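Working notes, structure below.
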Amino acid sequence: MAREHTEAGRLAKHETAAATGHTYWVIPDGYIPPDSRGSLESHESICVLNTGQEEAALDITIFFEDREPIENIEASVPGRRTKHIRTASLHSGDQSIPSGVPYAITVSSNVPVIIQYSRLDTTQPELALMSVMAFPLT
């Protein structure tokens with residue numbers, strides 16, 4: 001009977017899971033390494049965790065030092081899921097992020113999410129992996 005009660009509690013928690021996180025995030029340091037060496041490809045990813053039930057609709061903007069932003073990039077993350085979005089795959093119309101160019105990112109979401117940012121740099125044999133939490137704004 002105790003097991004049945006515990007299982008019922010888990011199901012109830014699952015059905016009422018609230019979204020955690022924030023709806024606006026900033027990542028000030030973006031840079032897609034232009035080269036790769038070895039079997040791993042240099043890349044960056046926006047890692048999104050959606051703990052709520054509702055799908056997260058993301059609106060991403062990419063800012064540059066010397067050109068106008070790339071705006072209205074859309075992505076989504078189903079409820080109670082995570083998604084790793086490679087920045088090299090982001091585009092708005094025919095615009096995309098060039099490699100070897102510094103940029104920054106803002107992410108708006110219709111529901112609270114948690115965002116982490118990671119970069120794998122394989123331009124040298126001593127590869128580097130960097131991962132940081134994005135900065136949430138309310």
Side-chain angles (χ1 to χ4, degrees):
M1 197 147 121
R3 183 179 180 127
E4 291 173 10
H5 178 70
T6 303
E7 186 63 25
R10 276 193 209 122
L11 290 173
K13 183 178 179 184
H14 170 75
E15 291 171 1
T16 60
T20 57
H22 295 273
T23 58
Y24 189 75
W25 294 82
V26 178
I27 304 164
D29 176 32
Y31 181 84
I32 301 171
D35 299 312
S36 296
R37 302 238 185 331
S39 62
L40 297 174
E41 179 183 1
S42 293
H43 67 274
E44 295 195 330
S45 293
I46 302 168
C47 311
V48 184
L49 171 61
N50 180 1
T51 62
Q53 296 290 334
E54 185 179 345
E55 179 176 88
L58 308 178
D59 181 30
I60 302 168
T61 300
I62 308 297
F63 294 88
F64 299 98
E65 295 177 348
D66 61 353
R67 62 189 87 181
E68 290 299 307
I70 301 174
E71 299 177 287
N72 304 314
I73 301 170
E74 297 178 356
S76 63
V77 181
R80 299 181 49 80
R81 297 290 186 267
T82 186
K83 188 172 195 177
H84 291 67
I85 304 165
R86 286 204 181 184
T87 57
S89 72
L90 297 175
H91 60 85
S92 179
D94 62 349
Q95 293 183 305
S96 61
I97 304 169
S99 63
V101 174
Y103 63 92
I105 304 169
T106 61
V107 180
S108 297
S109 177
N110 63 320
V111 297
V113 294
I114 298 167
I115 295 184
Q116 183 176 352
Y117 192 66
S118 63
R119 175 185 300 150
L120 177 63
D121 184 343
T122 65
T123 57
Q124 302 176 60
E126 299 79 19
L127 63 86
L129 176 65
M130 173 197 77
S131 188
V132 297
M133 292 302 297
F135 187 78
L137 296 173
T138 52

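Both backbone and side-chain heavy atoms feed into the values below; hydrogens, waters and symmetry mates do not. Numbering starts at 1 and runs along the sequence shown. What you are looking at is a predicted structure, and each value in this text was computed from that prediction instead of being measured.
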Inset, instruction - Would you please test Leu58 and Ile85 for side-chain contact (heavy atoms from CB on, under 4.5 Å) and show each step? - result: CA-CA 11 Å; Leu58 308 178; Ile85 304 165; 4.0 Å; yes
Inset, instruction - May I ask whether Phe63 and Val26 are part of the same hydrophobic cluster, defined by side-chain heavy atoms of I, L, V, M, F, W, Y residues being less than 4.5 angstrom apart, directly or through others? - result: no
Inset, instruction - Return each pair, listed once, that meets salt bridge (charged side-chain N to carboxylate O under 4.0 Å, His left out) where at least one residue sits in residues 89-117; pairs must be two or more places apart or across chains. - result: none
Inset, instruction - Report the distance from atom OH of Tyr103 to atom OG1 of Thr87, rounding to the nearest 0.5 Å. - result: 3.0 Å
Inset, instruction - Enter the distance from Ile27:CD1 to Ile105:CD1 here, rounded to the nearest 0.5 Å. - result: 4.5 Å
Legend entry - Heavy-atom check, side chain of Arg86 versus side chain of Ser45, under 4.5 Å: yes
Legend entry - Glu55: side-chain contact (heavy atoms from CB on, under 4.5 Å) partners, not counting sequence neighbours: Ser76
Legend entry - Between CD on residue Glu74 and NE2 on residue His91, distance to nearest 0.5 Å: 11.0 Å
Inset, instruction - Test side-chain contact (heavy atoms from CB on, under 4.5 Å) on Tyr117 and Ile115 and set out the steps. - result: CA-CA 7 Å; Tyr117 192 66; Ile115 295 184; 5.7 Å; no
Inset, instruction - Could you check Ile70 against Phe64 for side-chain contact (heavy atoms from CB on, under 4.5 Å), going step by step and ending with a plain yes or no? - result: CA-CA 9 Å; Ile70 301 174; Phe64 299 98; 3.7 Å; yes
Legend entry - Pairwise side-chain contact, Ile62 with Pro69, heavy-atom cut-off 4.5 Å (strictly under): no
Inset, instruction - Go through the steps to decide whether Thr61 and Glu71 satisfy the test side-chain contact (heavy atoms from CB on, under 4.5 Å), and finish with yes or no. - result: CA-CA 5 Å; Thr61 300; Glu71 299 177 287; 3.8 Å; yes
Show me the donor-acceptor pairs within less than 3.5 Å that the side chains of residues 95-102 make with the rest of the protein, sequence neighbours left out.
none

Inset, instruction - Look at the side chain of Trp25 and the backbone N and O of Val113, then say whether any donor-acceptor pair between them is shorter than 3.5 Å. - result: yes
Inset, instruction - Measure the CG-NZ distance between Asn50 and Lys83 for me, rounded to the nearest 0.5 Å. - result: 11.0 Å
Inset, instruction - Quick one: pull up NE2 in His84 and CG in Leu49 and give me the separation to the nearest 0.5 Å. - result: 9.5 Å
Legend entry - Beyond-backbone contact of Glu54 with Asn110, side-chain heavy atoms, under 4.5 angstrom: yes
